[in-house]
J.: 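Got a structure here, written out as structure tokens. Questions coming.
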Amino acid sequence: MNEGESGLTLAQLARNGTSSQPMVVNLHMSVAGAGDLVAKLAPIARFADMFVRPAEQGLERVLVFADAQSGGYLRLICPLDKSFPVPLSRVLPAAYQEECELYELWGVEPGGGKPVNRVILPPSAETAEPLRLPGGDRLSSEVRAPHVVQGEAIEFPWGPIRGAGQESLYLGLVTTGEELLDAYLAMFHKHRGLEHRMVGQTLARALFLAERCEGLGAVGNALAFARAAEAALGIAVEPAAEVTRCLALELERIYNHIGSLAALGAATGLSVGQAEAEILLEDCLRLNARVFGHRYIFNLLEVGGVRRGADLAALDSALDRLEARFESLVADLLATNSYVDRLEGAGTIAAEAAHRLGLVGPVARAAGVATDLRRTHQVSSTSYVGFRPAREQPGDCLARMRVGAAEVRESLRLVRHWVRSGTPLQDDWATPGPGQDHVGGPAEGLGWAETCRGEALVHLEVAGGRVSFARLRPAATRNWRAFDDALRARNVFTDVPIVEASFWLTVAGFAR
Amino acid sequence: MTPRVLDPGALPLPGAAHGEIDAAAVRLKRRSMAVLRRSLHIRTVDTGSCGACESEIRLLSSPYYDFHRLGLFFTPTPRHADCLLVTGPGCRAMDHALLSAYEAMPAPKVVVAVGACPLGGVFGADRYTRGEITDVVPVDVVVPGCPPSPLALIHGLLLALDRIEERITLQEGEQ
Ligand code: SF4
């Protein structure tokens, strides 16, 4: 167990807490106590999430920390006084995005008068009321963190509508012409209020929405959701269904990393590399359709298991050829100097920044931070036996590209192992799982999964078989936090699409 | 304007034999030859999609589909666009951008709605989304699916080309 300077260990904390599900410890505290504890926790645990939820007496603030050593999560729960005495983001810089969101959702200001950015509501909604607190105090229109463009520089507006087939987001690029000095992002044009929409819905309908939170991470996000529901309802998943879910998760990872290669080809102007990657991407999507009946593997997961089995013969026959072509593509790309030169040193995220901002997934692993839930937070003890997480340095676009390549290799190895070693897998249409018509008293659960973009978390509360509260925290929410930092790190204008392709995040996941 | 729905018979079903796919390709080619007296320039707008529809749109120019051979092209500006390809359920925060893009396009112009989202098939109308984008811009062609495959998108774009042809003929008749 890690020990911080304070001598505090998570194991000690866990002994004082209560547990609502295995590997999740809840600590109920006063606001002042929570403020102290957060400062002590920051160096020894990874800040994962913060949200506000309705409780019996008013509102509660929940902070979620991940502990790599024990493979569990720690939830710090305190009443929602107007705010902490000091802004949380002073000790937890990663929490700034959440502070801004909480202001617009619940009207909670960060302590110490720290300015927030308007992130969810469009700027035209100058004097709106908090989204989740209708009738609450009107939000001040004077909310803007300092945003200064000085001297020779101009802010070049890009978005929300961008290039062909790109998701909507606003990027304010501060530049003197070539060099990028700063960048501002406005990401909530696509906010669909998914968490709000889930309230009152059946679990099946809410899972449908969780899948569409991020189409290119449908399996991963639906898996985190299903696990949260299963934890709340105490449902055990059959081992064959569990491995089938992991199989789908790895197929999703493979096509996403190849999609990132295609985008990198486009961003660097390497048409041949782009075309090769697109051919491989299309093949992967067709393989998904043959194996699971959908190009993006929608509608596979359900609470309690999977809806159908995999077409293992189709998968088995495609693996060797896929791997050979992937290896030849990566070798060709890495042997192309003009391509490697563009990636090297672009959009660098240092390991220190990755820790500070609580980054997850391939972006963190490319900065040398070995965080991978498939190793640290395993849900079943059998699926990921012998798993080797990727890790690279020094956090630039090239390192992220290499992490992607290593992960495709590892995913292919896992898939081959599951398919060929006789691991029990769901191989037919499944009977509806027990979660479909489960009706019971109020319960809550935390679910997680290592999606292709990193850790996805879902906090779910159910009552009478329906969702009473939901919080989605896809990996994109954490990692976009580092995008502007990556752009500021001595880049030029044309590096922006390269950095974006190497991050391979979705706006949909961030904006929910 | 009544939206046009794709004729499902024109597309090979999943698992179709090679013969059927070839026949569909021939039909598609004959049709494109018949209508391609000019090309179609396309501007895409995402009004809150999950990102999967965007992925299929990006694949339109990939080697498997290569829609350039049919005279279809993406353009980075609405001023050069004949066709607005819209995904997503019409997030209200995108209203202004969507309408501005539509208004910036020269006539004759068509709007193609991509996927279940802009048809109201995924989200309803509420304070976040419109549910259907027809409240903001008129829709000429709808391509259902969640997401529609690139082949279905090409089919929809060729229908859009039909619409443009009709409008040009109408304009010429009026002059
Ligand atoms: S139609 Fe389906 S695939 Fe397309 S954006 Fe909507 S939810 Fe995603």
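Chain naming here is simple, since letters A, B, ... match the order of the sequence lines and numbering starts at 1 in each.
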J.: In terms of heavy-atom pairs under 4.5 Å with chain B, which of Gly163(A), Ser168(A), Ala508(A) leads?
T.: Ser168(A)
J.: Run the side chain to side chain donor-acceptor pair (under 3.5 Å) test against Glu101(A) and tell me which residues pass, sequence neighbours left out.
T.: Gln97(A), Arg512(A)
J.: Find the one option among Ile42(B), Val45(B), Leu98(B) whose heavy-atom pairs under 4.5 Å with chain A are most numerous.
T.: Val45(B)
J.: Between Lys109(B) and Glu103(B), does a salt bridge (charged side-chain N to carboxylate O under 4.0 Å, His left out) hold up when you go through it step by step?
T.: CA-CA 10 Å; Lys109(B) 51 189 164 188; Glu103(B) 284 174 349; over 6 Å; no
J.: Checking Glu54(B) side chain against Glu167(A) main chain: does a donor-acceptor pair fall under 3.5 Å?
T.: no
J.: Mind jotting down which residue pairs meet the ring pair (Phe, Tyr, Trp, His ring centres under 6.0 Å) criterion with at least one end in residues 96-137 of chain B? Sequence neighbours excluded, please.
T.: His191(A)-Tyr128(B), His196(A)-Tyr128(B)
J.: Could you tell me which of Ala97(B), Ser55(B), Pro76(B) has the largest number of non-hydrogen atom pairs under 4.5 Å with chain A?
T.: Ser55(B)
J.: Between the side chains of Thr477(A) and Arg453(A), does any donor sit under 3.5 Å from an acceptor?
T.: no
J.: Is Asn256(A) reaching over with its side chain to a backbone N or O of Leu216(A), donor-acceptor style, under 3.5 angstrom?
T.: yes
J.: Evaluate the side-chain proximity of Cys213(A) to Cys50(B): yes if any heavy-atom separation is below 4.5 Å, no if none is.
T.: no
J.: Going by residue number, which parts of residues 275-300 of chain A are within reach of chain B, meaning a heavy-atom gap below 4.5 Å?
T.: Ala275(A), Glu278(A), Ile279(A), Leu281(A), Glu282(A), Asp283(A), Leu285(A), Arg286(A), His294(A), Arg295(A), Tyr296(A), Phe298(A)
J.: Do you know which of Ile57(B), Thr77(B), Asp126(B) has the most heavy-atom pairs with chain A at a distance under 4.5 angstrom?
T.: Asp126(B)
J.: Among Glu211(A), Gln274(A), Arg212(A), which residue has the highest count of heavy-atom pairs closer than 4.5 Å to chain B?
T.: Arg212(A)
J.: Give me the one residue out of Leu70(B), Asp82(B), Thr75(B) that meets side-chain contact (heavy atoms from CB on, under 4.5 Å) with Leu40(B).
T.: Asp82(B)
J.: With sequence neighbours left out, what residues match Gln166(A) under side chain to side chain donor-acceptor pair (under 3.5 Å)?
T.: none
J.: Which atoms of Cys117(B) are under 4.5 Å from chain A, going by heavy atoms: the side chain, the backbone, both sets, or neither?
T.: neither
J.: Below 4.5 Å from any heavy atom of chain A, which atoms of Ala101(B) appear? Answer side chain, backbone, both or neither.
T.: side chain
